[in-house]
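See below for the structure under consideration.
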Amino acid sequence: MAVVGCSGSGKTTLGTALAELLSGPYIELDGIFHQPGWTPLGDEEFQNRVRQATDAPTWVVDGNYKAVLDIVWERADTVIWFDLPFTTVMSRTIRRTIRRTIRRTELWNGNREPWSNLWSLNPKKSIIAWSATNYRKYQKRYGAAAVDPRWSDLTFVRLTTVASVQEFLRDVTVHPPEKE
């Protein structure tokens, strides 16, 4: 299962809950991609690590990386598109970023939110600016993917409210693996 959506929408919280319900690993693509010192992992190694991580029968991947989208989606059965309203995403992103920055919370591989997240308008230097400038891009990308014949074997679930997320989680059922 793949969970996609804008930064700050709640993908991590949803992905973690789904992985627990499905008794499978939770795979956060940011944790694979961002190496120490915010050094990006090269595409080939990133793809290899994602292939290994999704080699299990059940898993939940959270992230939007084009470099591994084909790998994840070709192995997935469902794409959960977390598409909350812009104001909700931005308020969550700002609160989360302030909290992580002040607390110096470790994210992945020793990385912490840089202070520039709080004032920079450059999307490459601020997750707040990134979310603001990429929100519509993700809506277009996943809206198009949901009707793209290439992905017709996937079930797309678009969650647009907090209530729809709660309802979706209540309805998740676990199917035992088919016996050969």
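- Using a 4.5 Å cut-off on side-chain heavy atoms (C-beta onward), Met1 and Ile80 make contact.
- At least one side-chain heavy atom of Val79 sits under 4.5 Å from a side-chain heavy atom of Val4.
- Judged as a salt bridge (charged side-chain N to carboxylate O under 4.0 Å, His left out), and not counting sequence neighbours, Arg103 has no contacts.
- Under the 3.5 Å distance criterion, the side-chain polar atoms of Ser131 are left unmatched by any main-chain donor or acceptor of Gly8.
- Residues Ile27 and Ile32 are in side-chain contact: their nearest non-hydrogen atoms beyond the backbone lie under 4.5 Å apart.
- Under the salt bridge (charged side-chain N to carboxylate O under 4.0 Å, His left out) criterion, Arg136 pairs with no residue at all, not counting sequence neighbours.
- For the side-chain hydrogen bond (donor to acceptor under 3.5 Å, both in side chains) criterion with Asp70, the lone passing option out of Arg75, Gln47, Arg150 is Arg150.
- The minimum heavy-atom distance linking Ala2 with Ala76 is given by the pair N-CB, 4.4 Å.
- Minimum heavy-atom separation, Ser126 to Ser120: CB-O, 3.4 Å.
- Between the CG atom of Leu14 and the CG atom of Leu169 there is a distance of 5.5 Å, given to the nearest 0.5 Å.
- The minimum heavy-atom distance between Val3 and Leu18, with the atom names listed, is CG2-CD1, 4.0 Å.
- Taking 4.5 Å as the limit, every side-chain heavy atom of Asn109 sits out of range of all side-chain heavy atoms of Thr39.
- Within the 4.5 Å cutoff, no side-chain heavy atoms of Gln52 are placed close to those of Asn48.
- By the salt bridge (charged side-chain N to carboxylate O under 4.0 Å, His left out) test, Asp43 is found to be paired with no residue, residues two or more places apart in sequence or in another chain being considered.
- Using modelled atom types and a 3.5 Å distance limit, the side chains of Thr97 and Asn117 yield no donor-acceptor pair.
- Side chain of Asn64 to backbone of Tyr138: no donor-acceptor contact under 3.5 angstrom is found.
- Side-chain atoms of Lys137 and Tyr135, non-hydrogen and from C-beta on, never get closer than 4.5 Å to each other.
- Between the side chains of Glu113 and Thr105, no donor-acceptor pair of N or O atoms lies under 3.5 Å.
- Within the model, atoms CG of Asp83 and CD of Gln139 stand 4.5 Å from one another, a figure rounded to the nearest 0.5 Å.
- Counting all heavy atoms, side chain and backbone alike, Leu22 lies closest to Thr58 at O-CG2, 3.6 Å.
- Relative orientation of the His34 and Tyr65 rings is perpendicular, given thresholds of 30° and 60° on the angle between their planes.
- Checking each of Tyr142, Phe156, Trp73 against Trp151 for a ring-ring contact (aromatic ring centres under 6.0 Å, His included) leaves exactly one that passes, namely Trp73.
- For the pair Leu154 and Thr78, the minimum side-chain heavy-atom distance is 4.5 Å or more.
- The closest side-chain heavy-atom distance from Arg158 to Thr160 is below 4.5 Å.
- The nearest pair of heavy atoms linking Trp108 to Asp30 is CZ2-CB, 3.4 Å.
- Counting only distance, with no hydrogens or angles, the side chain of Thr54 and the backbone of Val50 share a donor-acceptor pair below 3.5 Å.
- Taking a 6.0 Å sphere around CD of Glu20, one finds it holds 12 or fewer heavy atoms contributed by other residues, nucleotides or ligands.
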